[in-house]
Protein chains: 2
Amino acid sequence: MTSHPDLTKNQTLVLKTLDKAEAPLSAYTILDRLRDDGFRAPLQVYRALGKLQEFGLVHRLESINAFVACCQPHGHRHEMTAFAICRTCGKVDEFSDTAVEERLGEWVRAHRFKPAKTTIEISGDCADCTAHDPG
Amino acid sequence: MTSHPDLTKNQTLVLKTLDKAEAPLSAYTILDRLRDDGFRAPLQVYRALGKLQEFGLVHRLESINAFVACCQPHGHRHEMTAFAICRTCGKVDEFSDTAVEERLGEWVRAHRFKPAKTTIEISGDCADCTAHDPG
DNA sequence: AATCGGAATGTAATACCATAACATTTCCAA
DNA sequence: TTGGAAATGTTATGGTATTACATTCCGATT
């Protein structure tokens, strides 16, 4: 079980902000929420986010340019993480699927492709929002 | 087999630009390559790209903010398309995997999630680039 | 305790990506 | 031929991310 170094002040602030949030946040939203803590520039957020992603504590959602705290227990992380993103309420479900990992792994092996990062994001409407807004 | 309407002038220009390209192009790169054809503003590109995506002729690669022409024969399109994107040379392989579709479909059904768009992108290094640059 | 060096931080400027708003033109169907 | 939807042209603006450089923090070594 790999461990991550102690977090710095900025990293801690950014991670706490994401933990408190009910939905993914953009870097600039995080910046706004940390103005009172002394944050002044985007780079402070992006640098902290970069480290937190390295540590596996934060995920970037490519399809919406936003970030979420990882919900997996530390050390119990999968190679591939998939996300279901609700367009309506913004909530995100994080999940893993071994079969998906294996199938993509087979393609990669067959094509001698050396994967660095895999993005799996399903955008749509969650059960709650579909129920509330029949359509 | 569904058909798509005839393409307009701008749509044709944008699609041709993507077809000629060896790698994905950003909207602004497309704009630059169409200056001589009268393109002046990003919106001309984005509007054409939007329609081409509707018709299934162009894909957007979320993880790199770029666009590629669809390589699948028209009418033979899958629900989900996956992409292997080489960080080094930029080339993209488009593929489908029924098993992956099914597994994600099962998750979605089990959680009553109504999917609108699924993104699967593997970023890394292709066989050629790995061979040339052993590392 | 002094100091050296790498990591983290602060700040300003800039580059890149995408859309809003509104005016105008094109083109087909009635 | 004309009415209206779709496409286009143009300007302005908003959102996302990085470059470049100066400074500070902090632990390891002396």
Side-chain angles (χ1 to χ4, degrees), chain A residues 3-18 21 23-55 57-68 85 87 90 92 117 119 121 123, chain B residues 3-18 21 23-55 57-68 85 87 90 92 117 119 121 123:
Chain A
S3 192
H4 63 82
D6 289 334
L7 299 181
T8 66
K9 174 165 159 276
N10 284 6
Q11 289 159 18
T12 303
L13 287 166
V14 168
L15 185 55
K16 275 186 185 165
T17 304
L18 285 176
L25 301 179
S26 78
Y28 278 74
T29 301
I30 295 171
L31 174 58
D32 285 339
R33 297 194 182 180
L34 290 174
R35 296 269 183 207
D36 292 345
D37 295 282
F39 273 51
R40 308 292 310 278
L43 205 48
Q44 295 174 287
V45 177
Y46 282 110
R47 285 201 275 230
L49 285 171
K51 286 296 181 187
L52 291 169
Q53 285 175 268
E54 273 183 28
F55 303 153
L57 299 173
V58 160
H59 297 288
R60 174 190 171 80
L61 301 177
E62 305 286 354
S63 61
I64 58 173
N65 295 329
F67 302 84
V68 284
I85 306 167
R87 293 179 297 182
V92 170
K117 194 200 172 192
T119 300
E121 298 176 16
S123 163
Chain B
S3 192
H4 63 82
D6 289 335
L7 299 181
T8 67
K9 175 166 158 272
N10 285 5
Q11 288 159 18
T12 303
L13 286 167
V14 168
L15 185 55
K16 275 185 185 165
T17 303
L18 286 175
L25 300 179
S26 77
Y28 278 74
T29 300
I30 296 171
L31 173 59
D32 285 340
R33 296 195 183 180
L34 290 174
R35 296 269 181 206
D36 291 345
D37 296 282
F39 273 49
R40 308 292 309 277
L43 208 47
Q44 296 175 286
V45 177
Y46 282 109
R47 285 202 276 230
L49 285 171
K51 285 297 180 186
L52 291 169
Q53 285 176 265
E54 273 183 29
F55 303 153
L57 300 174
V58 160
H59 298 288
R60 175 190 170 79
L61 301 177
E62 304 286 354
S63 61
I64 58 172
N65 296 330
F67 303 84
V68 284
I85 306 167
R87 293 179 297 183
V92 170
K117 194 201 173 191
T119 299
E121 297 177 16
S123 163

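Within every chain, numbering begins at 1; the chains are lettered A, B, ... in the order of the sequence lines, protein sequences first and strands thereafter.
- A donor-acceptor contact shorter than 3.5 Å links the side chain of B:Arg35 to the backbone of B:Arg40.
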Measure all distances between protein nitrogen or oxygen atoms and nitrogen or oxygen atoms of nucleotides 14-21 of chain C, and list the pairs falling under 3.5 Å.
| from | atom 1 | to | atom 2 | distance (Å) |
| --- | --- | --- | --- | --- |
| C:dA18 | OP1 | B:Arg60 | NH1 | 2.9 |
| C:dA18 | OP1 | B:Arg60 | NH2 | 2.2 |
| C:dA18 | OP2 | B:Tyr46 | OH | 3.0 |
| C:dA18 | O5' | B:Tyr46 | OH | 3.4 |
| C:dA18 | N7 | B:Tyr28 | OH | 2.7 |
| C:dA18 | N6 | B:Tyr28 | OH | 3.2 |

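- How far CZ of A:Phe67 is from CG of A:Leu18: 8.5 Å, rounded to the nearest 0.5 Å.
- If you measure from atom CG of A:Leu49 to atom P of C:dT9, you get 12 Å, rounded to the nearest angstrom.
- Side-chain N or O atoms of B:Glu121 include one that pairs as donor or acceptor with a backbone N or O of B:Ser63 at under 3.5 Å.
- Within the 4.0 Å cut-off from OP1 or OP2 of C:dG10, at least one side-chain nitrogen or oxygen of A:Gln44 is found.
- Going from atom CG of B:Leu7 over to atom P of C:dC27 covers 15 Å, rounded to whole Å.
- Here the straight-line distance linking atom CG of B:Leu57 with atom CG of B:Leu49 works out to 11.5 Å at 0.5 Å rounding.
- Remark: A:Leu13 CG to A:Phe39 CZ distance equals 5.5 Å, nearest 0.5 Å.
- Separation of atoms NZ (A:Lys51) and CG (A:Leu7) is listed at 11.5 Å; rounding is to 0.5 Å.
- When rounded to the nearest whole Å, the span between CZ of A:Arg40 and C1' of C:dT9 equals 14 Å.
- Nucleotides of DNA chain D that come within less than 4.0 Å of any heavy atom of chain A span, from the 5' end to the 3' end, D:dT16 to D:dA20.
- The distance from atom NE2 of A:His59 to atom NZ of A:Lys117, rounded to the nearest 0.5 Å, is 9.0 Å.
- For the atom pair A:Thr12 OG1 and A:Asp37 CG, the distance stands at 11.0 Å (nearest 0.5 Å).
- Taking atom NZ on A:Lys9 and atom C1' on C:dG10, their separation rounds to 11 Å, with Å as the unit.
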